[in-house]
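Since the structure comes first, as structure tokens, the remarks are kept for the end.
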Amino acid sequence: MHAGFLRETDEYGHGVLGDLRDAKALTIHLRLPGDERITCPAEVILPEGEVFEDIAPRLADLDGDGLPEIVVVQSNGRKGARLAVYDRRARLVAATPHIGQRHRWLAPAAVADLDGDGHMELAYVDRPHLAKRLRVWRFRGGKLEHVADAEGFTNHRIGWDFIPGGQRRCGGTTEIITANSDWTRIVAARLASGRIARRDLGPYTGPDSLNAATNCP
């Protein structure tokens with residue numbers, strides 16, 4: 001399966017991703033088993049006042065049916081960003097609440113079973129330039145349930161058209177790699193017993209140091 005953004009737009013006018021423009025459409029192509037052709041295209045076209053304010057769609061099997069869902073940042077002209085989940089037929093399955101204010105954004109950080117309970121979690125940094133709050137939501141029963149928050153994390157600077165860091169799985173434990181709030185240290189966060197625990201991995205020396213930290217030592 002492949003998903004991508006189409007129909008670039010300057011409608012929202014936030015510019016948090018630098019020269020990377022927002023999109024009005026999400027296109028999804030599903031390759032059927034045993035068929036070399038890409039078939040079953042589906043498309044989401046957002047109404048006026050809504051944009052995809054993201055770098056690229058993320059594919060992950062959230063419900064365990066063997067086919068991925070699509071996770072994207074979707075922003076509203078009045079209420080700001082939220083994390084949205086679409087299925088392969090381009091139907092909105094679930095979403096987090098909007099941040100609540102125009103030109104307020106979130107930076108995805110992980111899509112994984114973070115605590116090993118058999119359910120997938122979605123993690124993002126809420127307002128990585130302002131609030132710097134790591135938030136974790138669990139996908140269960142076709143819905144997103146809030147699990148935990150923790151302060152003092154960031155993974156994006158205004159104008160970057162990329163999000164460094166991300167997730168890693170080492171020694172059977174999945175961790176989220178970000179910087180701390182003042183961009184001086186690399187932090188590994190994990191979900192345990194419904195709480196976010198963190199540990200220091202060393203000095204932050206630039207985006208590449210976050211990307212390098214996603215590799216197991």
Side-chain angles (χ1 to χ4, degrees), residues 3-28 44-60 62 69-87 90-112 114 120-139 143-167 176 178-179 181 189 196 207 210:
F5 295 128
L6 295 173
R7 303 191 186 188
E8 292 182 341
T9 179
D10 297 317
E11 172 187 327
Y12 188 46
H14 189 191
V16 73
L17 296 172
D19 292 334
L20 187 64
R21 299 174 70 195
D22 303 332
K24 293 294 290 185
L26 169 68
T27 183
I28 302 161
V44 181
I45 301 176
L46 295 178
E48 183 178 356
E50 297 266 345
V51 299
F52 293 111
E53 191 179 18
D54 204 350
I55 292 164
R58 293 151 203 84
L59 303 183
L62 301 182
E69 280 68 46
I70 303 95
V71 180
V72 293
V73 180
Q74 185 173 328
S75 294
N76 178 276
R78 293 183 297 105
K79 296 181 285 187
R82 66 176 180 174
L83 208 61
V85 178
Y86 287 88
D87 68 12
R91 298 178 300 193
L92 181 64
V93 175
T96 64
H98 290 93
I99 289 173
Q101 183 177 341
R102 177 180 175 83
H103 289 176
R104 294 296 182 263
W105 188 66
L106 60 86
V111 181
L114 295 176
M120 294 286 282
E121 280 84 31
L122 282 64
Y124 61 81
V125 179
D126 174 7
R127 291 161 289 172
H129 324 114
L130 295 170
K132 301 182 180 182
R133 178 181 300 121
L134 183 63
R135 309 201 74 191
V136 177
W137 300 75
R138 179 172 293 122
F139 188 85
K143 298 180 180 180
L144 285 171
E145 307 168 351
H146 179 245
V147 179
D149 293 343
E151 309 296 326
F153 297 83
T154 189
N155 59 348
H156 186 265
R157 290 187 184 272
I158 294 174
W160 280 357
D161 62 358
F162 59 91
I163 302 172
Q167 66 197 52
I176 305 165
T178 70
S181 59
I196 297 172
L210 287 184

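Every residue was checked against the side chain to side chain donor-acceptor pair (under 3.5 Å) condition with S181, not counting sequence neighbours, and none meets it. Shown here are the salt bridge (charged side-chain N to carboxylate O under 4.0 Å, His left out) partners of D161, two or more places apart in sequence or in another chain: there are none. Applying the salt bridge (charged side-chain N to carboxylate O under 4.0 Å, His left out) criterion to R91, with sequence neighbours excluded, gives D87. Partners of D19 under the salt bridge (charged side-chain N to carboxylate O under 4.0 Å, His left out) rule, at least two apart in sequence or in another chain, do not exist in this structure. A search for side chain to side chain donor-acceptor pair (under 3.5 Å) contacts involving K132 returns nothing, not counting sequence neighbours.
Here the side chain of E69 pairs a donor or acceptor atom with the backbone of L62 at under 3.5 angstrom.
Using a 4.5 Å heavy-atom threshold, the side chains of L106 and L83 count as touching. Looking only at side-chain heavy atoms (C-beta outward), F5 and V72 come within less than 4.5 Å of each other. Using a 4.5 Å heavy-atom threshold, the side chains of V93 and F139 count as touching. Residues M120 and V111 have side chains in contact (heavy-atom distance under 4.5 Å, counting atoms from C-beta outward).
Heavy-atom neighbours of R7 CZ from other residues, nucleotides or ligands within 6.0 Å: at or below the threshold of 12.
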Point to revise | Residues V71, L122; criterion side chain to side chain contact (heavy atoms under 4.5 Å, CB included); working and verdict | key: CA-CA 9 Å; V71 180; L122 282 64; 3.7 Å; yes
Exercise for review: For T154 and T178, run side chain to side chain contact (heavy atoms under 4.5 Å, CB included): C-alpha distance rounded to whole Å, both residues' side-chain angles, the deciding distance at 0.1 Å, then the answer.
Suggested key: CA-CA 6 Å; T154 189; T178 70; over 6 Å; no
Review point. So L92 and V85, side chain to side chain contact (heavy atoms under 4.5 Å, CB included) or not? Walk me through it.
Key: CA-CA 6 Å; L92 181 64; V85 178; 5.8 Å; no
Check your understanding: Step by step, would you call D149 with V136 a side chain to side chain contact (heavy atoms under 4.5 Å, CB included)?
Key -> CA-CA 6 Å; D149 293 343; V136 177; over 6 Å; no
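Among pairs with a residue in residues 98-110, none fulfils side chain to side chain donor-acceptor pair (under 3.5 Å), at least two apart in sequence or across chains. Residue pairs meeting the side chain to side chain donor-acceptor pair (under 3.5 Å) criterion with at least one member in residues 121-130, sequence neighbours excluded: E121-R138, Y124-W137, D126-R133, H129-H156.
Heavy atoms only, all atoms of each residue included: A110 and I176 are closest at CB-CG1, 3.9 Å. When all heavy atoms are compared, the tightest approach of A131 to E151 is O-OE1, 3.9 Å. Heavy atoms only, all atoms of each residue included: A90 and Y86 are closest at O-CD2, 3.7 Å. The two atoms that bring A189 and I196 nearest to each other are CB-CG2, 3.9 Å, heavy atoms only.
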Distance-only donor-acceptor hits, side chain of residues 44-57, under 3.5 Å, sequence neighbours excluded:
from	atom 1	to	atom 2	distance (Å)
E50	OE1	Q74	NE2	3.1
E50	OE2	N76	ND2	2.7
E53	OE1	S75	OG	2.6
E53	OE2	H14	ND1	2.7
D54	OD1	R58	NH2	2.7
D54	OD2	R58	NH1	2.7
D54	OD2	R58	NH2	3.4
D54	OD2	V73	N	2.9

